[in-house]
Structure formats: structure tokens, C-alpha cells
Amino acid sequence: MGKILSVKPEYRNAIKDLIEYIKSKIEYVNSLSQDELLKLYEEYKDYVKTPTKAEKKSPLPPLPNAEIGKVVTRFAPNPDFVLHLGSLRPLIISYEYAKIYEGRFIVRFEDTDPRTKKPKLEYYKLILDDIRWLGIEPDEVYYQSDRLELYYNVARELIGRGYAYVCLCPSEEFSKLSKSGVACLHRGQSPSENMELFDKMLSGEFKEGEAVLRIKTDLSHPNPSVRDWPALRIIDTKRYPHPRVGVKYRVWPLYNFSCAIDDYYMGVTHVFRGVEHKVNEEKQRYIYKYLDWKEPTYIHHGRLAIPGGILSKSKILKGIREGLYKSVDDPKLATVPALRRRGFRPEALKNIILRVGISPSNAVIDFSLLASENRKIVDRLANRYFGVRNPFKVYFKRVSHIDLIKIRKHPDYPERGVRRFEFRDEYISLYIDFEDYSNIISRDPFRLIGIGNFILEEADKQVKIRYIDNDVKKAKKEGYKFIHWVPVDHSIKCIFIYPDTTYEGYSELNILDEKVDSVIQFERIGYFRIEDLGRNNINVVFAHD
RNA sequence: GCUCCGGUGGUCUAGCCCGGUCAAGGAUACCGGCCUCUCGAGCCGGUGGUCCCGGGUUCAAAUCCCGGCCGGAGCACCA
């Protein structure tokens with residue numbers, strides 16, 4: 001409509017009629033059948049915008065400044081912790097866009113602070129492992145700790161051109177000056193003086209904190225942290241050795257310096273990172289400008305939170321020290337190892353992240369959304385079994401036709417076979433869940449799934465139930481409670497691990513057909529991942545209902 | 001305090017740049033039906049929104065402009 005008016009402004013006077021006219025046309029088109037629409041489409045094909053391949057392939061919006069085959073993205077974790085739900089946003093989005101645009105995806109470990117954010121060898125491995133588990137195979141993997149010489153070279157280049165200087169001010173001194181927009185006395189040093197001082201930094205003549213290389217920016221920049229921001233500083237690696245390169249280097253780049261250089265040299269075209277990096281875009285812009293490099297496109301997304309889920313690195317580490325959590329994969333946590341351990345599937349996590357997208361606002365992801373996405377995927381994978389968390393024994397006198405009970409492993413996939421239960425003895429003992437006992441004590445009839453309808457006969461020291469009939473239709477119509485059971489002599493001890501508790505109960509023995517790591521459903525209880533399958537007992541970790 | 005950025009049903013999100021099939025679409029949650037010897041999945045239907053508030057521009061505003069409120073982020077020799 002706006003289009004029509006801009007082409008034919010004279011219609012402006014008759015706007016009311018125009019609206020009516022368009023409405024009638026729209027109604028007409030909407031009333032057409034598929035075939036008629038197709039015919040119309042053929043006729044006017046050239047006027048219709050067809051979405052490009054990239055637009056069709058994914059729920060993600062088209063990327064600005066992107067061309068098929070030329071997009072390069074990267075995920076840049078600090079190996080001082082494992083991946084968690086929050087890290088998944090830049091990771092999955094970066095990877096997805098690289099894939100959509102048939103470009104490259106890079107993983108780059110940002111391990112340039114051996115002191116306060118000390119990297120750990122185990123985390124490099126765990127992070128890469130989790131990335132691959134998510135079905136993401138990086139085209140290239142880099143370690144910033146291997147690239148120090150490159151950063152030194154760029155530093156020399158900037159010093160030579162007069163865009164950087166070695167500042168000898170104590171940091172409090174500098175920030176005082178910078179707050180009032182005053183240059184420190186090192187700012188005016190000549191390139192050759194700076195070069196000399198920089199060499200001294202490298203050769204170890206300064207101690208930690210005594211010298212820092214700064215990038216000249218704008219001393220009147222509204223954000224004081226942008227004013228002559230620091231690029232390289234000294235870390236006493238004798239005291240804080242780097243886990244990969246030990247004491248080899250003592251001059252280390254700060255985030256903005258190494259990040260800008262690497263993004264450029266690695267040919268990164270699009271950067272996805274959290275909103276907390278917004279100002280860093282401005283800082284890094286100076287490097288690109290001074291060296292006449294082309295800047296990547298930055299997209300800053302909001303943070304992710306999960307109610308009751310703890311994502312903070314420091315809080316988790318503290319919790320582990322205090323014994324609140326057992327380890328980084330404690331099921332209480334929203335870390336990738338924990339989610340993985342609980343049986344969340346990579347596709348589910350991916351779907352969640354794609355749904356949340358690249359919006360700059362923060363998002364609170366309710367656990368039910370995670371559960372629902374995962375349930376959709378896991379439901380068809382998970383075979384069904386009976387398990388009781390709070391075992392309670394009941395017994396009944398067998399009737400002759402109750403001898404071999406077969407129940408499908410999966411109600412929708414008969415080809416997966418059945419679970420078999422053989423009953424031979426005169427009296428049969430079963431474990432049922434104690435919560436279900438209340439339904440029995442009320443003396444209402446109930447149904448043992450797959451066996452038949454029963455009613456309580458006596459509740460003395462032992463609870464005896466009596467078989468009535470095997471009429472499923474009646475059971476449904478009368479609203480009998482359908483309860484699951486585990487035969488005492490066909491059971492295996494099972495530990496049910498929940499985020500805040502564990503149960504020691506039983507599973508039916510047929511679960512031994514499964515493998516460690518498979519996700520199963522205990523009927524009426526929920527989905528679990530099998531963590532341990534021993535001969536005498538098993539462990540399962542709760543995913544969700 | 002200063003500087004940025006957000007605000008669409010309970011939650012998440014599409015639409016906002018380029019105002020008009022948007023009296024707002026999808027997902028989740030909730031309710032009901034079908035299916036099912038699970039409280040699952042699937043399919044069908046339903047409840048739920050003053051598009052943060054106020055003003056302005058316009059024939060027309062979720063969309064543009066101004067003001068306010070609320071929320072977030074940054075203000076490290078961390079990433």
C-alpha cells in the first residue's frame with residue numbers, strides 16, 4: 001500500500017476508496033483455490049520476491065553484509081570453565097550462520113590471562129568435546145597462547161606509526177588522569193623511545209604493573225575506559241605459569257588487542273557475542289582504523305538466564321568448593337556437561353538457542369521450554385521401562401492365564417520388540433511405588449499395566465491384592481488408576497539421580513537391554529539417561545517429566 | 001553518577017530499519033477433544049495481549065518523533 005502511494009501520489013486524495021479497493025482484492029485472492037493461486041503466481045512471478053536459500057534454511061534472520069560462501073564466524077571461549085547454557089548462544093548462532101552461508105567456523109581459545117582467569121588444560125579438552133558433542137565440527141581451532149609473536153609484531157607496527165605508547169604510570173595514577181581527560185606524560189614519547197621501552201617490557205626489565213602498552217584513542221571519549229586503552233601488560237609467569245606455554249612469555253595481550261588482531265587475521269566477517277562486549281567494539285575500532293583493516297560486523301545478543309539455574313562461573317566454582325555441587329556436571333547446574341549428563345540432546349539445545357535468536361534483549365529461558373524441546377526429540381528415542389523410586393511390596397495369587405506378560409518397548413514402534421515378564425509361582429510379589437499405594441488403600445479397583453485389574457484384599461504385615469479381570473476398556477471407562485510395577489524377582493537396584501535428591505529403588509531387569517548413555521522413559525515418572533549399567537545395580541539421571 | 005542498549009499474552013520470539021492483508025503470527029505453559037493398557041509424543045480445538053506509559057506526526061503507528069517509567073550492560077593492567 002505504501003508502495004502504491006509512493007508510485008502514484010495522486011491516489012492520496014482517494015485514499016479511503018483505495019483502501020476499500022485493496023481490501024476487496026485481498027479478499028478475492030484469499031478466496032482463490034490452490035490451483036488458481038498457482039496460476040496467478042506464474043503470471044506475476046517476476047513481481048514477487050522469492051526468499052533466498054539462506055532465508056529459507058533456518059529460523060534465523062538473514063545476516064547483514066553476508067554473502068554465500070564468504071561468511072566466517074568464530075566462537076572464542078576462555079578455557080577457564082566448561083560451556084554452559086549461556087555460552088551456547090554465541091556458539092550455536094555463530095556455527096549456524098557459517099553453515100547457512102556455506103562459510104567457515106572457527107574456534108579460538110582466548111587464553112591470554114594466566115593470572116586472574118587462569119586457563120586449565122582440562123577445560124580446553126572439555127570445551128572442544130562438548131562442541132563436537134553438539135554436532136559442531138570447527139573448520140579451524142586456534143590458541144591465542146600460540147600467537148604472541150603476532151601480537152608483538154602488530155604492537156611494533158602501531159608504535160612505529162605513533163598510535164601506541166608504553167605507559168609507565170601506576171594504574172591508579174593513569175585512571176585519575178584519564179578521568180579528567182588529561183594525557184599522561186608518556187603519551188608524548190617518540191616512536192623510538194616507545195620501541196625501546198617495549199623491548200624492555202619483553203626482555204623482562206619491568207615487573208608486573210610497571211609498564212603497559214596503550215593504544216592512543218580520544219582522551220575526551222565519553223567512556224573513560226576507551227581513553228587510551230591498554231593493549232599489552234606484564235604477567236609474572238614465573239609465579240603464574242601458563243598451562244600451555246609455561247614461562248615462555250611475560251607480556252600478554254588484553255582482550256581487545258588480541259581479539260581485534262585475530263578477527264582480522266582469521267578473516268572473521270561476523271562476530272556474535274554478548275551485550276557486555278558492546279564497548280569493546282568501539283575500542284577495537286581504533287585498531288582497524290589505524291591499520292586500515294576492514295571491520296567485521298558485530299552483533300551483540302542479550303544474556304541468557306534460567307530460573308533457578310546457576311550459570312555464573314564464579315558461583316559454580318564456589319559451590320563446588322563448598323560442597324554444594326559435586327562437580328561441573330552436577331545435575332543442578334545448567335552447564336553443558338550437566339545437561340548432557342541428564343540426557344538432553346544436542347538438537348534440543350540447538351532448537352532452543354535458534355528460537356531465542358540474536359535479539360539484544362536478555363532472555364529468561366524457562367526450564368519447561370528446555371524440557372519440551374528435549375521431550376520432542378527424546379520421546380521417539382526412549383524405550384519405556386518400569387521403575388519404582390519408593391518401592392513398596394504387594395503380592396497376589398497368580399491366576400493361570402497370567403504367565404507371560406509382554407509389553408512394548410515403545411508404544412509407537414512395535415518393531416523394537418517387547419519386554420517380557422514370566423510369572424510361574426503361585427504367589428507373585430511386585431514392587432509398586434509407595435505414592436500409588438494410596439490409590440490401593442482406598443479400596444478402589446486399580447489396574448496393573450499390562451497384567452489386569454486388581455483390588456486390595458488385605459493390608460496386614462503384607463499387602464495382598466486380588467485379581468478381578470483383564471478388562472482394559474472397563475478400567476478406562478471406570479477411571480481406574482493405571483499403575484506400573486516391578487516384579488521382585490525380575491528387578492535390579494536402581495539409583496535415580498535428581499537435581500536435589502536421589503532415590504534408591506528398582507527397575508525392571510529388561511533395562512539391561514539398553515546401553516550406557518541411552519535415554520529411556522520410566523513410565524509415569526519421566527525421562528532419564530542411563531549413566532551406569534552394572535550387573536547388580538544401575539544409575540539413571542533424571543532429565544524431565 | 002556517567003555512557004550505551006532494550007521493553008510485544010506467565011515465559012521466549014516474529015513483525016519495527018522501508019507506517020497500511022497486524023483489531024499482532026509462532027513456541028511454551030494452561031484447558032478440552034482424538035489417539036494410546038503411561039501423567040509422554042502426535043493431531044485438532046480453546047483461554048490468555050490497552051504491542052511499558054503519555055504526547056506528537058499521519059487518512060493510517062507495535063512500527064516514525066519527543067518526554068517519562070522500568071529493566072539490562074559497560075565504566076579492569078578480565079574475557
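Computed from a predicted structure; not experimentally measured. Residue numbering restarts at 1 for every chain, and letters A, B, ... go by the order of the sequence lines.
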request  = Could you tell me which residues satisfy salt bridge (charged side-chain N to carboxylate O under 4.0 Å, His left out) with A:Arg345, sequence neighbours excluded, listed by chain and number?
outcome  = none
key: Atom P, compared across B:G48 and B:G26: separation rounded to whole Å   = 15 Å
ask   = Of the residues in residues 108-117 of chain A, which ones touch RNA chain B at a heavy-atom distance under 4.0 Å?
value = A:Glu110, A:Thr112, A:Asp113, A:Arg115, A:Lys117
inquiry  = With a 3.5 Å limit on both atom pairs, tell me what B:G20 is paired to, counting Watson-Crick and G-U wobble, or say none.
reply    = B:C59
message = Of the options B:C37, B:C77, B:G6, whose atoms approach the side-chain atoms of A:Ile449 most closely?
response = B:C37
Paired nucleotide for B:C70 [Watson-Crick or G-U wobble; both distances under 3.5 Å] = B:G6
ask   = Which whole-number value in Å describes the distance from A:His300 NE2 to B:G72 P?
value = 20 Å
query = How close or far is atom C1' of B:C17 from atom CG of A:Leu63, stated in whole angstroms?
reply = 16 Å
query = Rounded to whole angstrom units, what separation is found between the CG atom of A:Leu354 and the P atom of B:A14?
reply = 12 Å
ask   = When all nucleic acid strands are considered with a 4.0 Å heavy-atom cut-off, which category describes A:Ser175: base, sugar-phosphate, or nothing?
value = nothing
ask   = When you compare B:C18 with B:G1, how far apart are their P atoms, in angstrom units rounded to a whole number?
value = 34 Å
Pairs: protein N or O with nucleotides 24-28 of chain B N or O, under 3.5 Å:
{"from": "B:A27", "atom 1": "O2'", "to": "A:Arg355", "atom 2": "NH1", "distance (Å)": "2.1"}
{"from": "B:A27", "atom 1": "O2'", "to": "A:Arg355", "atom 2": "NH2", "distance (Å)": "2.9"}
{"from": "B:U28", "atom 1": "OP1", "to": "A:Lys376", "atom 2": "NZ", "distance (Å)": "3.0"}
{"from": "B:U28", "atom 1": "O2'", "to": "A:Ser368", "atom 2": "OG", "distance (Å)": "3.4"}

ask   = Given B:A79, B:A76, B:C37, which nucleotide is nearest the side-chain atoms of A:Pro230?
value = B:A76
ask   = How far, in whole Å, is B:A27 from B:C44 if one measures between their P atoms?
value = 10 Å
inquiry  = Considering every strand and a 4.0 Å limit on heavy-atom distances, what is the contact class for A:Tyr527: base, sugar-phosphate, or nothing?
reply    = sugar-phosphate
message = Rounded to whole Å, please give me the gap between CG in A:Leu370 and P in B:U11.
response = 17 Å
request  = Consider the side chain of A:Asp412, meaning its heavy atoms from C-beta on, and name the nucleotide among B:C75, B:G40, B:A73 that approaches it most closely.
outcome  = B:G40
query = With nearest nucleotides of RNA chain B determined for A:Ser171 and A:Arg89 from heavy-atom distances, which residue corresponds to the more 5′ nucleotide?
reply = A:Arg89
Please write out the pairs of protein N or O atoms and N or O atoms of nucleotides 31-36 of chain B separated by less than 3.5 Å, giving the distance to one decimal.
none

note = From the candidates B:A73, B:A41, B:C75, the one with an atom nearest any side-chain atom of A:Asp379 is B:A41
request  = Indicate whether OP1 or OP2 belonging to B:C78 is found under 4.0 Å from a side-chain N or O atom of A:Arg233.
outcome  = yes
What N/O pairs connect the protein and nucleotides 45-51 of chain B at under 3.5 Å? Give each pair on its own line.
none

inquiry  = Please give the distance between the P atoms of B:C37 and B:A14 as a whole number of Å.
reply    = 41 Å
For A:Arg420, all residues meeting salt bridge (charged side-chain N to carboxylate O under 4.0 Å, His left out), sequence neighbours excluded = none
key: Partner nucleotide of B:C43 by Watson-Crick or wobble geometry (both distances under 3.5 Å)   = B:G33
ask   = After noting the C-alpha distance and the side-chain angles of A:Asp263 and A:Arg74, does the key distance pass the salt bridge (charged side-chain N to carboxylate O under 4.0 Å, His left out) rule?
value = CA-CA 8 Å; A:Asp263 282 341; A:Arg74 47 74 163 178; 3.0 Å; yes
ask   = Which word best sums up how the rings of A:Trp485 and A:Phe423 line up, parallel for under 30°, tilted for 30 to 60°, or perpendicular for over 60°?
value = tilted
task = Run the ring-centre check on A:Phe446 versus A:Tyr480 and record whether the distance is less than 6.0 Å.
result = no
task = Give one of base, sugar-phosphate or nothing for A:Pro253, where a contact means two heavy atoms less than 4.0 Å apart.
result = sugar-phosphate
ask   = Base, sugar-phosphate, or nothing for A:Gly450, non-hydrogen atoms under 4.0 angstrom?
value = base
key: Distance-only side-chain donor-acceptor flag, A:Tyr527 / A:Asp379, under 3.5 Å   = yes
task = Please list, chain by chain and in numerical order, all residues satisfying salt bridge (charged side-chain N to carboxylate O under 4.0 Å, His left out) with A:Glu514, sequence neighbours excluded.
result = none
ask   = Say you pick atom C1' in B:G15 and the same atom in B:G49; how far apart are they, in whole Å?
value = 15 Å
inquiry  = Is the distance from the ring center of A:Tyr467 to that of A:His401 below 6.0 Å?
reply    = yes
ask   = Which word best sums up how the rings of A:Phe198 and A:Tyr152 line up, parallel for under 30°, tilted for 30 to 60°, or perpendicular for over 60°?
value = perpendicular
Side-chain donor-acceptor contacts of residues 164-172 of chain A below 3.5 Å, not counting sequence neighbours, with atom names and distances?
{"from": "A:Tyr165", "atom 1": "OH", "to": "A:Asp228", "atom 2": "OD2", "distance (Å)": "2.6"}

inquiry  = Could you work out, with ring pair (Phe, Tyr, Trp, His ring centres under 6.0 Å) as the rule, every residue matching A:Tyr264, not counting sequence neighbours?
reply    = A:Trp293
query = With respect to the side chain of A:Asn78, which nucleotide from B:C5, B:U3, B:A79 is positioned closest?
reply = B:A79
task = Looking at every strand, decide which applies to A:Asn280 at a 4.0 Å heavy-atom threshold: base, sugar-phosphate, or nothing.
result = base
task = With the side chain of A:Glu276 defined as its heavy atoms from C-beta on, choose the nearest nucleotide among B:G40, B:A76, B:A73.
result = B:A73
ask   = So, A:Lys481 and A:Asp444, do they make that salt bridge, N to O below 4.0 Å?
value = no
ask   = Can you check whether A:Phe528 and A:Phe496 have ring centres sitting under 6.0 Å from each other?
value = yes
task = With sequence neighbours excluded, tell me which residues meet ring pair (Phe, Tyr, Trp, His ring centres under 6.0 Å) with A:Tyr97.
result = A:Phe272
ask   = Does B:A79 have a Watson-Crick or wobble mate here (both distances under 3.5 Å), and if so which one?
value = none
key: B:C4 versus B:U8 - spacing of their P atoms, nearest Å   = 22 Å
key: side-chain N/O A:Ser225 vs B:A76 OP1/OP2, d < 4.0 Å   = no
note = The Watson-Crick or G-U wobble partner of B:U50, with both key distances under 3.5 Å, is none
ask   = When you match A:Pro222 and A:Arg384 each to their closest nucleotide on RNA chain B, which lands nearer the 5' end?
value = A:Pro222
message = My understanding is that only residues two or more places apart in sequence, or in another chain, count here; which of them pass ring pair (Phe, Tyr, Trp, His ring centres under 6.0 Å) with A:His277?
response = A:Tyr255
message = Please report the distance separating the C1' of B:C16 from the corresponding atom of B:A24, rounded so that it comes out in whole Å.
response = 12 Å
inquiry  = Students often get this wrong, so: under 4.0 angstrom with heavy atoms, is A:His277 touching a base, only sugar-phosphate, or nothing?
reply    = base
message = Nearest to the A:His410 side chain among B:G6, B:G40, B:U3, which nucleotide is it?
response = B:G40
ask   = Can you tell me how far P in B:G25 sits from the matching atom in B:C35, rounded to whole Å?
value = 30 Å
note = Taken in chain and number order and not counting sequence neighbours, the residues that satisfy salt bridge (charged side-chain N to carboxylate O under 4.0 Å, His left out) with A:Arg147 are A:Asp262
query = Closest to the A:Leu254 side chain: B:C37, B:C77, B:G74?
reply = B:C77
ask   = Do the two ring centres, one from A:His544 and one from A:Phe344, sit under 6.0 Å apart?
value = yes
